[in-house]
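Every number for a ligand or one of its atoms is a count from 1 in the order of the listing.
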Amino acid sequence: MRRLLPVILVTVLAATGCSHPTVLAASRQIQVPPARQPTVPAAPPTPSTSDCARPAVAVKAATAMELGPFGARRTTGSTAVALTFDDGPDPVNTPLILDVLRQCGVKATFCLVGYKVAMYPDVVRRIVADGHTLCDHTWEHIRQLGSYGRPWIRQDLQQTIDAIHAAVPGVPVSYFRAPGGVWTQDYVTVAHEMGMTPIDWDVDPWDWNFDKFGTGATMTRHIVSTIESTVRPGSIVLSHDYQKPATTAAYRILLPWLTARFKLIALPPDDDGLAAAGGPPHRRA
Ligand SMILES: [Zn+2]
């Protein structure tokens with residue numbers, strides 16, 4: 001009976017479909033000398049194309065549009081999930097994010113800061129060439145710009161669009177996001193007047209808060225766990241590509257996980273601005 005125990009254990013585990021690594025390791029300990037146990041890789045591997053090609057899980061229920069502050073769009077309005085990357089372009093990290101997105105066949109939305117667009121137009125051209133959607137994130141990311149009055153806001157947003165069009169003539173810039181999420185009614189009004197839909201978000205890993213969540217692998221683990229535990233059908237996920245290497249590392253892990261569970265979309269450039277329906281402002285924590 002003692003000799004049969006490992007065989008029985010493995011048989012029971014296989015019959016129950018249990019594939020948890022810990023359980024498998026336990027079963028192997030019975031049969032395999034310690035020196036031959038498989039080692040766990042120190043870092044997660046870069047996803048292969050096949051990792052990312054698994055079909056998205058069908059989600060049956062339709063998702064209603066949710067509106068954030070002053071009617072800014074907070075969810076996609078469908079079961080699809082939209083990834084958004086803010087504060088770029090970054091000459092180093094944006095191309096790395098683009099590589100991972102391309103490898104997984106995922107389109108996203110990039111919220112660009114105007115003066116960086118003027119500095120790195122080649123990166124903007126690659127974002128567009130890869131089929132991603134553009135969003136105006138103001139000229140220099142002044143958090144209080146929304147309180148400066150509509151003429152100032154309009155001039156700032158137009159200056160950013162002009163820089164984008166200097167890089168890629170005529171490309172649609174269909175979305176606007178307030179720096180820091182500090183929304184005002186003036187922002188939303190001006191954005192609509194300029195043909196842009198204001199977009200908020202419902203998933204935020206705070207990938208900029210190094211003091212609270214650390215850097216490097218610590219931050220990467222925080223980003224992965226936060227997004228995996230909070231994303232839902234219809235989510236708009238906020239992340240940053242400007243000087244955020246931990247975010248890039250996180251998406252090497254997250255994209256296979258996300259593509260296995262959700263349809264991922266770039267917010268479409270011809271969006272008709274459902275946020276124009278309006279909605280009550282809310283307080284951000
Ligand atoms: Zn920002």
Side-chain angles (χ1 to χ4, degrees), residues 68-70 72-75 82-98 101 108-121 123-124 127 132-148 152-164 167 173-184 186-188 190-191 194 196-213 215 219 222-223 226-227 230 235-248 250-251 266-267 275 281-285:
F70 303 99
R73 187 170 176 167
R74 197 158 184 260
T75 59
L83 304 180
T84 62
F85 296 96
D86 284 20
D87 296 0
D90 178 301
V92 175
N93 284 288
T94 304
L96 292 175
I97 283 280
L98 290 171
L101 292 169
T109 299
F110 286 80
C111 295
L112 303 177
V113 172
Y115 84 87
K116 297 174 188 172
V117 169
M119 290 174 67
Y120 310 113
V123 182
V124 179
I127 293 171
H132 303 292
T133 292
L134 301 186
C135 165
D136 188 329
H137 200 35
T138 76
W139 180 255
E140 52 185 331
H141 208 275
I142 298 173
R143 290 173 61 88
Q144 300 309 317
L145 176 67
S147 64
Y148 288 4
W152 195 313
I153 293 170
R154 185 177 291 103
Q155 186 275 336
D156 185 291
L157 301 194
Q158 187 61 53
Q159 187 177 359
T160 302
I161 292 171
D162 290 347
I164 293 171
V173 184
S174 300
Y175 292 90
F176 165 73
R177 176 173 279 161
V182 186
W183 290 100
T184 65
D186 282 347
Y187 265 149
V188 170
V190 171
M194 298 177 70
M196 296 186 288
T197 298
I199 51 167
D200 200 46
W201 61 85
D202 73 320
V203 174
D204 183 358
W206 284 34
D207 59 345
W208 48 269
N209 196 330
F210 304 132
D211 290 342
K212 187 168 185 177
F213 300 112
T215 58
M219 174 61 90
H222 162 75
I223 295 167
T226 301
I227 291 179
T230 56
S235 283
I236 295 178
V237 181
L238 170 65
S239 300
H240 296 82
D241 56 333
Y242 188 71
Q243 297 183 346
K244 303 290 186 299
T247 301
T248 304
Y251 274 93
L267 291 166
H282 70 184
R283 285 186 177 275
R284 186 174 304 281

I would like to know whether Tyr175 and Thr133 meet side chain to side chain donor-acceptor pair (under 3.5 Å); could you show each step before the answer? CA-CA 9 Å; Tyr175 292 90; Thr133 292; over 6 Å; no
Can you tell me if, anywhere in His240, an N/O/S atom lies at a distance from the Zn ion (ligand 1) that is smaller than 2.8 Å? no
Among the N, O or S atoms that Asp87 has, which is closest to the Zn ion (ligand 1)? OD1
Would you say His141 has an N, O or S atom lying under 2.8 Å from the Zn ion (ligand 1)? yes
Report yes or no: does Arg177 contribute a side-chain atom to a donor-acceptor pair with the main-chain N or O of Pro198 at less than 3.5 Å? no
How far apart are the closest heavy atoms of Asp241 and Thr94, and which atoms are they? OD2-OG1, 2.8 Å
What is the distance from atom OH of Tyr187 to atom CG of Leu145, rounded to the nearest 0.5 Å? 4.0 Å
